[in-house]
Amino acid sequence: MGSSDDRAKFKAHTRAQSRALGDDNQMFQQSVDTIVMLQKYDYSYLWTWMGVPIIQHPADIIATQEVIWRSRPDVIIETGVARGGSVVFLAAMLEITGSDGFVIGVDIDIRPHNRETIECHRMAHRIHLVSGSSVDCDTVSEVKDMIPESARVMVILDANHAQNHVLKELRHYSPLVTEGCYLVIADTILGHLSEVQAPSGRSQFLFRGNEPLAARDVFLTECDRFEVDDTLNGKLVLSSSPGGYLKCVKELSEAE
């Protein structure tokens, strides 16, 4: 006698557990404390994707994979290119999903050796690099001009993490996200760190109050097109972007 099909039951169970985990404040605080302790090992710098440093926590890589597989974007815009692993990862995901789409990587400083790594990679045919500040009007216009009509668009903000900069990015790039796709705000973990806990030795010294989570909260009072995905964000422990995954639930109106 064959076993019963328990896929729906399994899915419902994992959704419930994800939400329960998201409600467990003690567990979340333990996760934050662990991340703080891991900083001395440069934990997020230890990982690669297809041979290229990705500078992300594994939980965020898996979460991003989930939303790409589920929402099937044609174009993914990412601000902040760094060493290139993330744009390579996003391009690989588009290839896996069977999309004909591409990734647009925006950075104010794409260093020659990082550009070489990206442009020589087997995923290079799916990656377009844009040099310039992500909030500069010319940069935003260049990005917009690259998006095909009717494309499904996802956006990931992972550049300058100061509140004002992220808020400007949200205002510039959120209108590009299409209904059903995601807007990801990276490094929201900074909104849970005190000055003592904040990472040092980076290009910016940021902690609670001047960081992406603070920008997210302001943005959500201005725009009703996005909702925090409680199920996905609930399981984001040991993550750099808890609460940073927003789903676009409304089309952009003509007035906007």
Side-chain angles (χ1 to χ4, degrees), residues 1-39 41 43-44 46-49 54-73 76 78 85-86 89-90 92-94 96-97 152 154-158 177-194 197 208 211-217 219-220 223-250:
M1 185 172 180
S3 60
S4 60
D5 187 342
D6 67 345
R7 285 175 292 185
K9 181 178 180 181
F10 182 82
K11 183 177 180 179
H13 175 72
T14 58
R15 285 179 61 86
Q17 288 289 73
S18 295
R19 288 176 176 269
L21 177 56
D23 291 335
D24 190 332
N25 294 326
Q26 182 179 2
M27 183 66 72
F28 180 74
Q29 189 54 55
Q30 288 178 6
S31 172
V32 172
D33 292 342
T34 300
I35 289 173
V36 170
M37 290 188 292
L38 285 169
Q39 286 174 178
Y41 300 107
Y43 182 68
S44 63
L46 305 182
W47 308 95
T48 63
W49 182 270
I54 192 168
I55 314 182
Q56 289 191 28
H57 286 38
D60 298 304
I61 297 170
I62 295 298
T64 303
Q65 170 272 144
E66 285 192 11
V67 300
I68 292 173
W69 185 260
R70 189 186 313 147
S71 61
R72 302 300 173 98
I76 305 176
E78 181 171 50
S86 187
F89 159 65
L90 298 172
M93 284 306 306
L94 291 178
I96 291 169
T97 61
R152 290 178 57 78
M154 174 178 174
V155 168
I156 301 171
L157 304 178
D158 195 11
V177 181
T178 50
E179 184 179 7
C181 288
Y182 278 75
L183 170 61
V184 181
I185 308 166
D187 281 291
T188 47
I189 189 67
L190 294 169
H192 300 279
L193 304 185
S194 66
Q197 295 172 313
R208 188 182 300 123
E211 31 67 26
L213 188 63
R216 184 209 71 172
D217 291 344
F219 170 72
L220 288 175
C223 180
D224 66 352
R225 295 184 62 233
F226 295 87
E227 292 180 355
V228 177
D229 185 331
D230 289 334
T231 301
L232 180 64
N233 286 288
K235 59 188 177 184
L236 280 179
V237 293
L238 295 177
S239 159
S240 63
S241 304
Y245 285 76
L246 311 184
K247 185 176 183 179
C248 183
V249 296
K250 289 176 61 176

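No hydrogens or angles considered: a donor-acceptor pair under 3.5 Å links the side chains of S86 and E78. Under the 3.5 Å distance criterion, with hydrogens and angles disregarded, no donor-acceptor pair is assigned to the side chains of Q29 and N25. For the 3.5 Å distance criterion, the side chains of Y182 and T64 fail to qualify, holding no donor opposite an acceptor.
Legend: salt bridge (charged side-chain N to carboxylate O under 4.0 Å, His left out) pairs involving residues 7-27, not counting sequence neighbours, sorted by first then second residue: D5-R7.
In terms of modelled atom types and a separation under 3.5 Å, the side chain of N233 and the main chain of D229 share a donor-acceptor contact. Side-chain atoms of Q65 come within 3.5 Å of backbone atoms of I62 as a donor-acceptor pair (strictly under, hydrogens ignored).
Closest heavy-atom contact between S71 and G180: CB-O, 3.3 Å. Between P73 and I68, the shortest heavy-atom distance links the atoms CD-O, 3.6 Å. Closest heavy-atom contact between S31 and L238: OG-N, 2.5 Å. Across all their heavy atoms, E179 and R225 have their closest contact at N-NH2, 4.5 Å.
Looking only at side-chain heavy atoms (C-beta outward), Y245 and T188 stay at 4.5 Å or farther from each other. The side-chain heavy atoms of Q39 and L193, taken from C-beta on, include a pair separated by under 4.5 Å. Counting heavy atoms from C-beta on, the side chains of P242 and I189 come closer than 4.5 Å. Between L190 and L213 the shortest side-chain heavy-atom distance does not fall below 4.5 Å. You'll find the side chain of I156 reaches within 4.5 Å of the side chain of L90, heavy atoms only.
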query: After noting the C-alpha distance and the side-chain angles of T178 and M154, does the key distance pass the side chain to side chain contact (heavy atoms under 4.5 Å, CB included) rule?
result: CA-CA 7 Å; T178 50; M154 174 178 174; over 6 Å; no
message: Checking V32 against V237 for the side chain to side chain contact (heavy atoms under 4.5 Å, CB included) test, could you report, in this order, the C-alpha distance in whole Å, the side-chain angles of both residues, the deciding distance, and whether it holds?
response: CA-CA 8 Å; V32 172; V237 293; over 6 Å; no
message: Run Q197 and I35 through side chain to side chain contact (heavy atoms under 4.5 Å, CB included) and show every step you take.
response: CA-CA 10 Å; Q197 295 172 313; I35 289 173; over 6 Å; no
message: Using side chain to side chain contact (heavy atoms under 4.5 Å, CB included), reason through K247 and L232 one step at a time and then give a plain yes or no.
response: CA-CA 10 Å; K247 185 176 183 179; L232 180 64; over 6 Å; no
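Taking the six-membered ring for Trp and thresholds of 30 and 60 degrees, H57 and Y43 have ring planes more than 60 degrees apart, a perpendicular arrangement.
Here D187 contributes atom CG and E211 contributes atom CD; the two are 10.0 Å apart, rounded to the nearest 0.5 Å. Between the CH2 atom in W69 and the OG1 atom in T97 there is a gap of 7.0 Å [rounded to 0.5 Å]. Rounded to the nearest 0.5 Å, atoms CD (Q17) and OG1 (T14) are 9.0 Å apart. How far CD1 of I54 is from CZ of F89: 6.0 Å, rounded to the nearest 0.5 Å. How far CD1 of I185 is from CG of L246: 4.5 Å, rounded to the nearest 0.5 Å. Of the inter-residue distances, the one linking C181 atom SG with F226 atom CZ reads 9.5 Å to the nearest 0.5 angstrom.
For E66, the side-chain hydrogen bond (donor to acceptor under 3.5 Å, both in side chains) partners at least two apart in sequence or on another chain are K235. By the side-chain hydrogen bond (donor to acceptor under 3.5 Å, both in side chains) test, S241 pairs with no residue at all, sequence neighbours left out.
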